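Encoded as structure tokens, the structure appears first; notes follow it.
All figures in this text were calculated on a predicted structure; none of them were measured in a lab.
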Amino acid sequence: MNRISHSRFILFMFMFSFLFQIGCDENNFSTTPNEKCFEANNIPGLTGEFTKDGTCIYTHDIKVGKIDILFIIDNSKSMYAEQQKMADRFPTFIDSIWSMDFKIGIMTTDITKDPVKSGQFVTLSNGSKTISNTNGMSKSTISQIFSDSITREETLSCDLHNGTCPSGDVRGIYAANLAVNYNKTFFRPDAHTAIVVLSDADERVFGGNRSGFFLDPNWDTPESLVHSFSRLGKNKTFSVHSIIINPGDQTIPVSQRNTFELKQDFNCRNEQSNPLEGIIGYYGTRYYALSLPKNNLLEYGNLLRGTVGSICASDYG
């Protein structure tokens, strides 16, 4: 007969009792929710959720890449319909950049008015100057703020002859220069800047090609904007995306202009013009030069190739 030592017997009975307790009394163990799991929901980009087994699952919204987006909107007479088209398409646009860390500001081409002439952005519908996806705002909230802010009340009033019209001297490049020179905090050193210009005219309406509307070399030219960005740092990049009346590349023979980038859009120019209302559509030559830059602009190293879209398109996608 084998004998079991006293110490081994006690150990055996302890383990047996412990296992028995686990097998027969499952209610002895309970999970108490940790308050920190719920507190995570108060942190932008972080959520905490309990599973059925009492495990806290943390989900972190990671942003990949930084981009500062400056919209420069022609707010002169007849532009309200185009502003509305941009507002309508914005939810799709924001879906495509949601994974990035973005910041958005809006300026108008009327530099005679505050706050634009001081380089500040227009006040958005929620009272702020910029909107971002890093402060806990939802896509729908940001889209609504943008839509309410990009459609300019002063443009609608002018269209309806109910108020004083904004300046018809369209100066989108000047406005961008004002922002870069007097609102530097918007342009983060480690973020790419995308400038989106919406206009059915050119800089100073005629691109500097009409008496009385000459370009200021320090404010109105593509070169001046490239120089402004170069002062933000040698690694600071930007691109310009123009929704305009396409002028085509004037250095290419007419017979070879067979793509959208090269071909003048005569029909769009006529569509955007209304002589009876004093409205003149004009090719966006200076904006085009920034969006599809030549070597003289690219050699500075901070301007990247952008895109050109038609302001007469039914969808600004």
Side-chain angles (χ1 to χ4, degrees), residues 65-75 79 82 86 89-90 93 96-97 100 102-109 111 116 119 121 150 170-181 183-184 186-188 191-205 207-208 215-233 235-251 260-262 265 282-311 313 316-317:
K66 292 183 179 180
I67 185 168
D68 301 324
I69 308 171
L70 174 58
F71 285 88
I72 299 180
I73 304 302
D74 188 341
N75 63 335
M79 281 294 296
E82 288 77 9
M86 180 167 280
R89 189 61 181 179
F90 187 75
F93 168 72
S96 68
I97 64 169
M100 303 182 73
F102 68 77
K103 182 165 56 172
I104 294 174
I106 299 173
M107 298 183 80
T108 71
T109 57
I111 65 166
V116 177
F121 304 129
I150 206 74
V170 176
R171 303 181 88 166
I173 297 175
Y174 200 125
N177 267 313
L178 285 170
V180 175
N181 283 275
N183 196 11
K184 290 183 174 66
F186 175 78
F187 303 94
R188 294 173 291 180
H192 176 74
T193 296
I195 299 175
V196 181
V197 179
L198 176 70
S199 177
D200 63 356
D202 200 7
E203 186 76 1
R204 302 221 69 183
V205 182
L215 302 182
D216 185 328
N218 296 314
W219 294 97
D220 288 306
T221 63
E223 291 80 5
S224 68
L225 187 58
V226 174
H227 289 157
S228 290
F229 268 93
S230 68
R231 291 193 290 270
L232 296 179
N235 296 320
K236 178 62 179 175
T237 62
F238 79 106
S239 56
V240 178
H241 307 268
S242 303
I243 303 176
I244 54 176
I245 301 175
N246 185 24
D249 190 328
Q250 301 304 300
T251 65
F260 177 78
E261 291 183 356
L262 302 178
D265 195 341
Y282 204 81
Y283 300 116
T285 57
R286 304 297 171 174
Y287 304 134
Y288 183 99
L290 279 167
S291 294
L292 303 176
K294 301 289 188 181
N295 289 336
N296 66 312
L297 293 179
L298 292 173
E299 65 185 8
Y300 290 95
N302 59 337
L303 176 61
L304 305 180
R305 182 183 173 92
T307 55
V308 175
S310 173
I311 199 168
Y316 290 165

Could you walk me through whether Thr285 and Asp202 pass the side-chain hydrogen bond (donor to acceptor under 3.5 Å, both in side chains) test, one step at a time? CA-CA 6 Å; Thr285 57; Asp202 200 7; 2.3 Å; yes

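- Among Lys66, Arg188, Lys236, the single residue meeting the side chain to side chain donor-acceptor pair (under 3.5 Å) criterion with Thr193 is Lys236.
- For the pair Ser230 and Asn302, the tightest heavy-atom approach, listed with the atom from each and the gap, is N-ND2, 3.2 Å.
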Please step through side chain to side chain contact (heavy atoms under 4.5 Å, CB included) for the pair Val240 and Ser291, ending with a clear verdict. CA-CA 5 Å; Val240 178; Ser291 294; 3.8 Å; yes

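- What you find for Ala201 and Asp74 is that their closest heavy atoms are N-OD2, 4.4 Å.
- Contact annotation: the side chain of Tyr287 never approaches that of Ile72 to less than 4.5 Å [non-hydrogen atoms, C-beta and beyond].
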Residue pair Met79, Ile73: steps toward the side chain to side chain contact (heavy atoms under 4.5 Å, CB included) verdict: CA-CA 9 Å; Met79 281 294 296; Ile73 304 302; 5.7 Å; no

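- The side-chain contact (heavy atoms from CB on, under 4.5 Å) test applied to Ser228 returns Asn177, Val180, Asn181, Arg231, not counting sequence neighbours.
- Taking 4.5 Å as the limit, some side-chain heavy atom of Asp249 sits within range of a side-chain heavy atom of Lys294.
- Asp220 has its side chain out of reach of Arg286: every pair of non-hydrogen atoms, C-beta onward, lies at least 4.5 Å apart.
- Summarising the geometry of Pro293 relative to Leu303, their closest heavy-atom pair is CB-CD2, 3.7 Å, with the distance given to 0.1 Å.
- The CD atom of Glu203 lies 9.5 Å from the CG atom of Leu225; values are rounded to the nearest 0.5 Å.
- Among the candidates Asn246, Ile245, Val197, the single residue satisfying the side chain to side chain contact (heavy atoms under 4.5 Å, CB included) test with Ile311 is Ile245.
- Within the model, atoms CD1 of Ile150 and CE of Met86 stand 6.0 Å from one another, a figure rounded to the nearest 0.5 Å.
- Rounding to the nearest 0.5 Å places CD1 of Ile243 at 10.5 Å from CD of Glu82.
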Test log, rule ring pair (Phe, Tyr, Trp, His ring centres under 6.0 Å), inputs Phe229 and Phe187: CA-CA 9 Å; Phe229 268 93; Phe187 303 94; 5.6 Å; yes

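- In this structure, Asn183 CG and Leu178 CG are separated by 10.5 Å, a value rounded to the nearest 0.5 Å.
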Side chain to side chain contact (heavy atoms under 4.5 Å, CB included) between Tyr174 and Thr109: does it pass, once the steps are laid out? CA-CA 8 Å; Tyr174 200 125; Thr109 57; over 6 Å; no

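- Here the straight-line distance linking atom CD of Glu223 with atom CG of Asn296 works out to 6.0 Å at 0.5 Å rounding.
- With sequence neighbours left out, Phe93 forms a side-chain contact (heavy atoms from CB on, under 4.5 Å) with Ile69, Phe71, Phe90, Ser96, Ile97.
- The minimum heavy-atom distance linking Leu297 with Ala289 is given by the pair CD1-O, 3.6 Å.
- No side-chain heavy atom of Tyr283 sits under 4.5 Å from any side-chain heavy atom of Ile244.
- Proximity of Ser224 to Ile173: side-chain heavy atoms (C-beta onward) are separated by under 4.5 Å at one or more points.
- If you take CG on Leu70 and CZ on Phe121, they are separated by 5.0 Å, rounding to the nearest 0.5 Å.
- The shortest distance between side-chain heavy atoms of Val170 and Arg204 does not fall below 4.5 Å.
- With sequence neighbours left out, Lys103 forms a side chain to side chain donor-acceptor pair (under 3.5 Å) with no residue at all.
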